[in-house]
Structure formats: structure tokens, C-alpha cells
Amino acid sequence: MDPNNLLKKLHSYLFHNDLNKLTIADKVYADPATLYVDEQLMAKDSHNVYTDEPAVVNNVIDKYIDRSGMNYIDKNRNNVHSLLKNSKYKNDKLDNGFKSDHQAIWLDEKGEIRTTSPLKRKLKNHVNVNFINFDNDPKLASCPEYKQVLKLLDNLSGGNVEEFCYMLGLIPLLNTGIMRLLRCWFVILSEPGAGKTVLFKIMGHIFDDEELHKSKILAPDSNLARAFTDLNSIDSADVKKGQLMMIFDDYQANRNISSQAGIAINRVISGERLNGGAKFQQNHPVQLSPLIIVATNSLPHIRIDQVSSEARKYVFKAKTSFSKAVTVKNGDVNKWIESKRVQEALFFIIMKYAARLIKMTPNEQKKIFSQDKSVKSDLSNLSSSVLEFFQDADVTCRYDLVGLKLSSLFETYKLSTKTYKASITAFKKQIESLGFIVKRKKFRDNQYSSVICSKNRNLTNEKMNLIADDYSLFPDYACENNQYG
């Protein structure tokens with residue numbers, strides 16, 4: 001065959017083949033069940049909200065693949081996604097708000113809470129409760145469930161209940177850019193049993209997809225460092241998949257958060273995207289929820305070379321146990337959590353504080369999470385002289401003290417502050433108030449007395465090994481050489 005004729009036939013084949021593919025893309029784009037947002041195809045799920053979950057999106061695409069194309073179904077699906085990047089397909093926007101089975105719930109520009117038919121707005125988040133205004137109904141405002149929810153929030157907030165409610169009020173506003181203004185992430189610190197998990201279970205009943213058994217509030221990867229650095233973990237937490245928040249429940253703060261994870265957290269709360277990608281898929285920019293909440297029994301710290309992320313940490317410290325703070329009928333906490341009235345009360349509080357946030361000026365918004373209200377430093381309960389001593393020595397967190405010999409630290413403190421009449425017994429009590437134990441410790445075949453140890457044995461050993469390996473220092477000498485870890 002003549003080479004020119006062969007080239008023409010090949011061109012004709014490719015042209016018509018592409019035309020057929022474009023026809024599929026056109027049909028998918030025009031389908032009332034789809035929406036093209038930020039160059040990603042989204043489709044309505046069973047709750048009539050938009051998602052980019054592959055199973056939901058592929059269900060729409062597959063309607064337009066003819067039988068002959070089913071043999072290459074994955075290839076055809078990928079072709080549709082590729083062709084939609086053509087500039088003729090315009091990006092759409094999603095509305096802010098929630099959709100229940102009976103309502104579309106959103107906030108207008110003036111901060112007023114609105115409800116209408118669930119079919120009238122393009123939303124990506126479904127809730128399992130309807131919006132009820134408790135403040136407009138005296139019976140509801142005085143109902144025990146509403147008061148109990150407020151007591152739970154007050155307890156977890158350590159008395160800063162307004163700030164805690166404003167934190168929850170950020171949930172409906174995550175697409176508004178408010179987090180780029182605030183640029184903070186949150187820690188709920190407490191002893192076990194304060195009610196952290198109770199709160200998250202109530203939130204799960206409100207926001208989670210009960211059909212898919214998938215949490216929209218708990219981070220898909222419970223490993224905090226991996227959640228912000230692993231490509232697969234990042235992709236699974238994409239907000240387009242319905243992820244509302246990044247909550248890490250019962251986070252074990254037995255070591256510092258890595259600098260790499262700290263940088264990623266800083267980027268996320270600043271509104272930047274991270275690179276992510278599911279297995280066998282091309283990596284792409286992923287938007288994670290900027291609302292990051294870490295619930296823990298021990299305060300986490302980001303490595304000191306990531307000061308910016310550490311400085312943006314806002315900490316709530318709970319008052320007491322849930323059982324002491326909230327009285328539940330017959331003591332049945334699970335039944336209380338599953339109560340629709342409890343869920344409706346919490347959802348109302350979330351929407352109420354979101355509405356208040358919208359009505360504030362940017363300066364007023366920034367003042368809400370002022371660092372002087374945060375339980376920022378776990379050294380804040382120390383006497384002023386001891387605190388100043390630690391600050392001068394660049395001791396920024398409790399972890400820095402682990403593995404040091406108490407008596408050596410005390411002598412260094414006296415010399416540095418010239419408080420020669422200070423009592424080692426009083427000094428020891430202040431160190432123990434930070435949650436440490438001072439005990440005899442065997443380390444590398446030697447016995448050391450009065451070593452400052454964490455209650456977590458692995459953490460103590462890890463820190464002592466770090467001091468020995470990196471600085472060739474042991475408890476007897478670390479303080480005398482002005483090495484504080």
C-alpha cells in the first residue's frame with residue numbers, strides 16, 4: 001500500500017476513534033448526575049450529594065460505554081477522565097452546606113441559616129439529621145439533651161466552651177477560606193474517659209455515611225505522620241470523597257511528630273494541596289480538610305525545626321471525666337449517643353456558631369483562638385523561676401526533660417537562677433506535676449538514681465538512647481554540660 005494512503009487511513013481511524021470517545025465524555029459531562037469541579041468528575045450518590053468516589057463516578061460512566069468497549073472498561077473510564085480536561089468542559093462549583101434526606105441546609109452571606117428542598121442546591125456533604133433551631137423553641141432550649149451536650153463541650157474545653165464551639169462551627173465553613181485566615185490546628189488533651197470519643201461518636205452519627213460504613217470525620221489513616229505524608233493515605237482523605245475533618249482519636253503522643261508531617265500540616269491549614277494518589281493511579285493535587293483535631297492523653301509536639309506548625313497548635317485541656325461532668329439517664333452512654341435529640345442539639349450548636357463566625361470581621365475571627373487562651377505550654381503550671389530557667393535553656397516541651405538526672409538538673413537550675421536556697425523536694429514536685437516519675441533507672445548496664453522518666457517506658461528509653469547516641473551523654477552528665485536534649 002502507498003505510504004501516503006496508509007497514513008491517511010491511520011489518521012482517519014484515530015480521528016473517528018477519538019470522536020467516539022469525545023461523545024462518551026460529552027454524554028458523561030451532560031449527565032444531570034455529574035458535576036465537573038476543579039478538573040475532577042463528581043457524581044451524585046444515593047444521598048443525592050456529589051462525590052468523586054470511583055464506584056459512584058464509574059457507575060455513571062459505564063452507562064455510556066457500549067458492549068464492545070466493556071472489554072476495555074478501565075481504559076474507557078480513564079479516557080473519559082482524560083478527555084474532560086479539554087478546555088471546552090467548564091469547571092463548576094459546589095455550594096457550601098449540608099443535605100439531609102429532607103432539607104438542604106446552608107448559611108447565606110449574612111450568616112443566616114437557611115433550609116430548603118434538598119434538590120435545589122449542589123452539595124457534597126450529607127447529614128443524618130435535620131436542622132432544628134433549639135433557641136427558637138423554649139421547650140427544646142430547656143430539654144435535658146441540649147444541656148447535656150453543652151456540659152460535654154464545656155468539660156472537653158476546660159471551661160473555654162465558646163472557643164470550643166467556634167472550633168466546631170468551622171465545619172460548615174471549610175470551603176470559605178476561613179482556615180487560611182486562622183491557620184491553626186487543634187488538640188483536645190485529657191485523661192482517659194473525659195468524653196473525647198463520646199463527642200466523636202455523636203459527630204459520626206451526624207456526618208458519617210451509614211450505608212458505606214465510612215467515617216467522614218475520623219482521618220482514614222489513624223497514623224498522624226502517615227496521614228499527611230503517604231500518597232495513598234492523602235488520596236483517601238480527599239475532601240471530594242466527602243472527608244469533612246481530619247480527627248485523630250486517641251492519638252498516642254509517645255514521640256515527636258516528624259518535621260515532614262509538620263510541614264504538611266502547615267500547608268494543609270494554609271489551604272495548600274498535597275500530592276496524593278491511589279494505587280495504580282497517577283499522582284495529583286489533593287485537597288485535605290484544614291480542620292485538624294488531635295485527641296490525646298499526652299500533648300504531641302512537632303520537632304523543633306518545624307516551629308511554625310508547633311506555634312499554630314491550639315490546645316484545649318479537659319476538666320474531668322465524662323461521668324462527673326454529664327449525668328446520663330440510667331448511665332447508658334451508648335443510648336445517649338444514639339439519641340436523635342442529642343445529635344440534633346450538637347448539629348444546631350455547630351450551625352449556630354458557624355453563623356456567628358460569618359457575621360464577624362476577620363480581626364474578630366482571628367482573636368477567637370488567641371494563643372493566650374490555649375493550654376499551649378505543658379510547662380505553664382511551673383513556678384516563674386523554673387519556667388524562666390527552662391525557657392532560657394530552650395526547653396520547650398516535657399519531652400526535653402526525659403532522661404535527665406533530677407539532682408543534676410536541680411544544681412544547674414540553682415546556679416543559673418542564683419536561687420541557692422531552693423528546695424530539691426519542691427523542685428521535684430514541680431517536675432512530677434508535669435506527669436513524670438523520678439526513679440532509679442538502669443541504662444546500658446549502669447544504674448542511675450533520680451532519673452526523670454515518662455510513664456511510657458518506651459519513650460524514656462528512646463530519649464535516653466538519643467542523648468547517648470547523638471551527644472555521648474548520660475543522665476549524670478547531660479545537665480552539667482548544658483545539654484537538655
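Counting from 1, the numbers follow the sequence of the chain as shown.
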Exercise for review: Return each pair, listed once, that meets ring pair (Phe, Tyr, Trp, His ring centres under 6.0 Å) where at least one residue sits in residues 315-334; pairs must be two or more places apart or across chains.
Suggested key: Phe164-Phe316, Tyr314-Phe316, Phe322-Trp336

Check your understanding: Excluding sequence neighbours, so at least two apart, what forms ring pair (Phe, Tyr, Trp, His ring centres under 6.0 Å) with Tyr50?
Key -> none

Check your understanding: For Asn155, what residues pass the side-chain contact (heavy atoms from CB on, under 4.5 Å) criterion, not counting sequence neighbours?
Key -> Ala194, Lys319, Thr320, Ala325

Practice item. Taking the six-membered ring for Trp and the full ring for Phe, Tyr or His, determine whether the centres of Phe131 and Phe98 are under 6.0 Å apart. Key: no

Point to revise | Check against side-chain hydrogen bond (donor to acceptor under 3.5 Å, both in side chains), Asn297 and Tyr251 | key: CA-CA 8 Å; Asn297 303 330; Tyr251 174 73; over 6 Å; no

Revision key, fill the gap. Between Leu288 and Ile234, the two heavy atoms sitting closest are CD2-O, 3.4 Å

**Study point:** Side-chain ion pair, Arg341 and Glu145, N-O less than 4.0 Å
**Key:** no

Study note, to complete from the structure: By side-chain contact (heavy atoms from CB on, under 4.5 Å), Val239 pairs with (sequence neighbours left out) Lys124, Gln287, Ser289

Point to revise | Asn160 side-chain N/O to Glu163 backbone N/O, donor-acceptor pair under 3.5 Å | key: no

Point to revise | Side-chain donor or acceptor of Asp208 paired with backbone N/O of Lys216 under 3.5 Å | key: yes

Exercise for review: Could you pull out all residues at least two apart from His47 that satisfy ring pair (Phe, Tyr, Trp, His ring centres under 6.0 Å)?
Suggested key: His126

Point to revise | Residue list, side chain to side chain donor-acceptor pair (under 3.5 Å) with Asp52, at least two apart or on another chain | key: Gln40

Practice item. Grab the two heavy atoms, one from Leu274 and one from Phe228, that are nearest each other, plus how far apart they are. Key: CD1-O, 3.8 Å

Review point. Can you list the residues that meet the salt bridge (Lys or Arg N to Asp or Glu O under 4.0 Å) rule with Lys201, with sequence neighbours excluded?
Key: none

Check your understanding: Does anything in residues 167-188 pair up under salt bridge (Lys or Arg N to Asp or Glu O under 4.0 Å), and if so which pairs, sequence neighbours excluded?
Key -> none

Point to revise | side-chain contact (heavy atoms from CB on, under 4.5 Å) involving Thr460 - partner list, sequence neighbours excluded | key: Val402, Lys441, Cys453, Ser454, Met464

Which pairs of donor and acceptor atoms, one on a side chain in residues 132-139, lie under 3.5 Å apart (sequence neighbours left out)?
unit_1: Asn133; atom_1: OD1; unit_2: Asp135; atom_2: N; d: 3.1
unit_1: Asn133; atom_1: OD1; unit_2: Asn136; atom_2: N; d: 3.2
unit_1: Asp135; atom_1: OD2; unit_2: Lys352; atom_2: NZ; d: 3.0
unit_1: Asp137; atom_1: OD1; unit_2: Lys139; atom_2: N; d: 2.9

Practice item. Go through the structure and list residues passing side-chain contact (heavy atoms from CB on, under 4.5 Å) with Asp31, not counting sequence neighbours. Key: Ala33, Thr34, Val60, Lys63, Tyr64

Review point. Quick one: side chain to side chain donor-acceptor pair (under 3.5 Å) partners of Thr176, sequence neighbours excluded?
Key: none

Exercise for review: List the steps and the verdict of side-chain hydrogen bond (donor to acceptor under 3.5 Å, both in side chains) for Gln365 and Tyr166.
Suggested key: CA-CA 9 Å; Gln365 292 171 344; Tyr166 278 121; over 6 Å; no

Practice item. Heavy atoms only: give me the nearest Gly242-Asn125 pair and the separation to one decimal. Key: O-OD1, 3.9 Å

